[in-house]
Amino acid sequence: MHAAIALLFSIAVIIIAFFARVPTYKVAPAFLIPLLWIVYALRRRLQIHPVHYLLFAFAILLHDLGAFGFYQNGLPEKWRVLPILGISYDIYVHFFFAFAATFIVYRALDFYLALKPWQTALFALLFIMGMGGIHEVMEYASYLLLGEEKGMLKPHTAYFLDTSRDLTNNFLGCVTALIFNAIARLLRRPLP
């Protein structure tokens, strides 16, 4: 199941790169496909459930759809399932990426550390926020090294609190996944 997901989403990333309107996404497969397959290779060691891997692959795809200018212009009207309410596409991506990754991290921590659920949740939150922080530093470093045109950060056109907003949405996505985990755990527990 994991291999089929990795293959399907790898093909999708290649197709998106071919039709990309934003030039930097032409090279996205060089980064996103290895990311998909590295997580695939770690699936047994990290105890990744197929549904969690599918969520992760969708998070990569959601980011990659930025190739069509969604980060700059938002989603086209006909693609909007829920009211956007003026919310930036970047908010959805950061929220969903943290949401998906939290399930993977929580499950791996739970398997290897066998902590109390609240402790596992705390460590998952700290890990996700740490990775989000590292991503934001990489985003800034790409701007310093490559400039605004080719770098990931666009300070002249982006929201001036972009990093804070990104980390806030990482936090909200992670907490939402942890709430889902807690509810699922309660539903599995036999009643007294």
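Owing to the predicted nature of the structure, the values given are computational and were not obtained by experimental measurement. Values below: all heavy atoms of this structure, side chains included; hydrogens, waters and symmetry mates excluded.
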Counterpart residues, ring pair (Phe, Tyr, Trp, His ring centres under 6.0 Å), relative to Tyr53 (two or more places apart): His2
Is there any side-chain hydrogen bond (donor to acceptor under 3.5 Å, both in side chains) pair reaching into residues 106-124, and which pairs are they, with sequence neighbours excluded? Tyr106-Arg185
Looking at Asp162, is its backbone amide N or carbonyl O close enough to the side chain of Arg165 to form a donor-acceptor pair, meaning the two atoms are under 3.5 Å apart? no
So does Leu62 get a backbone contact from the side chain of Tyr89, meaning a donor-acceptor N/O pair under 3.5 Å? yes
Kindly indicate, with the supporting measurements, whether the criterion side chain to side chain contact (heavy atoms under 4.5 Å, CB included) is fulfilled by Asn170 and His135. CA-CA 11 Å; Asn170 291 345; His135 169 78; over 6 Å; no
Could you label the plane-to-plane angle of the Tyr143 and Tyr140 rings as parallel, tilted or perpendicular, counting under 30° as parallel and over 60° as perpendicular? tilted
Quick check: is Leu46 connected to Phe58 through a chain of hydrophobic side chains (ILVMFWY, heavy atoms under 4.5 Å apart)? yes
Cys174 and Ala98: which non-hydrogen atoms are nearest, and at how many Å? N-CB, 3.9 Å
Looking only at non-hydrogen atoms, find the nearest pair between Gly69 and Val22 and report the distance. N-CG2, 3.7 Å
Kindly indicate, with the supporting measurements, whether the criterion side chain to side chain contact (heavy atoms under 4.5 Å, CB included) is fulfilled by Thr176 and Phe95. CA-CA 9 Å; Thr176 303; Phe95 178 90; 3.5 Å; yes
Using every non-hydrogen atom in the two residues, find where Asp64 and Ala28 come nearest and quote the distance to one decimal. OD1-CB, 3.6 Å
Taking Phe68 as the starting point, is it possible to reach Phe9 by hopping between hydrophobic residues whose side chains are less than 4.5 Å apart? yes
Evaluate the criterion side chain to side chain contact (heavy atoms under 4.5 Å, CB included) for residue pair Val93 and Leu65; output intermediate values, then yes/no. CA-CA 10 Å; Val93 174; Leu65 287 172; over 6 Å; no
Min side-chain heavy-atom separation Ile48-Tyr40 under 4.5 Å: no
Please examine the side chains of Asp166 and Phe97, heavy atoms only from C-beta on, and report whether any two atoms are closer than 4.5 Å. no
Check whether Ile14 and Ile60 end up in the same hydrophobic cluster, where Ile, Leu, Val, Met, Phe, Trp and Tyr are linked by side-chain heavy atoms less than 4.5 Å apart. yes
Only one of Phe180, Phe103, Phe99 passes ring pair (Phe, Tyr, Trp, His ring centres under 6.0 Å) with His52; say which it is. Phe103
Give the intermediate values and the outcome of side chain to side chain contact (heavy atoms under 4.5 Å, CB included) for residues Met1 and Arg43. CA-CA 11 Å; Met1 178 62 117; Arg43 72 194 181 284; over 6 Å; no
Following the transitive rule for hydrophobic clusters with a side-chain heavy-atom cut-off under 4.5 Å over Ile, Leu, Val, Met, Phe, Trp and Tyr, establish whether Ile15 and Trp37 coincide in one cluster. yes
Taking side chain as C-beta onward, heavy atoms only, is Leu178 less than 4.5 Å from Thr102? yes
Is there a path from Leu36 to Phe18 through hydrophobic residues (I, L, V, M, F, W, Y) whose side chains come within less than 4.5 Å of each other? yes
Does anything in residues 22-31 pair up under side-chain hydrogen bond (donor to acceptor under 3.5 Å, both in side chains), and if so which pairs, sequence neighbours excluded? none
Which heavy atom in Ala57 sits nearest to a heavy atom in Ile5, and how many Å separate them? CB-CG2, 3.8 Å
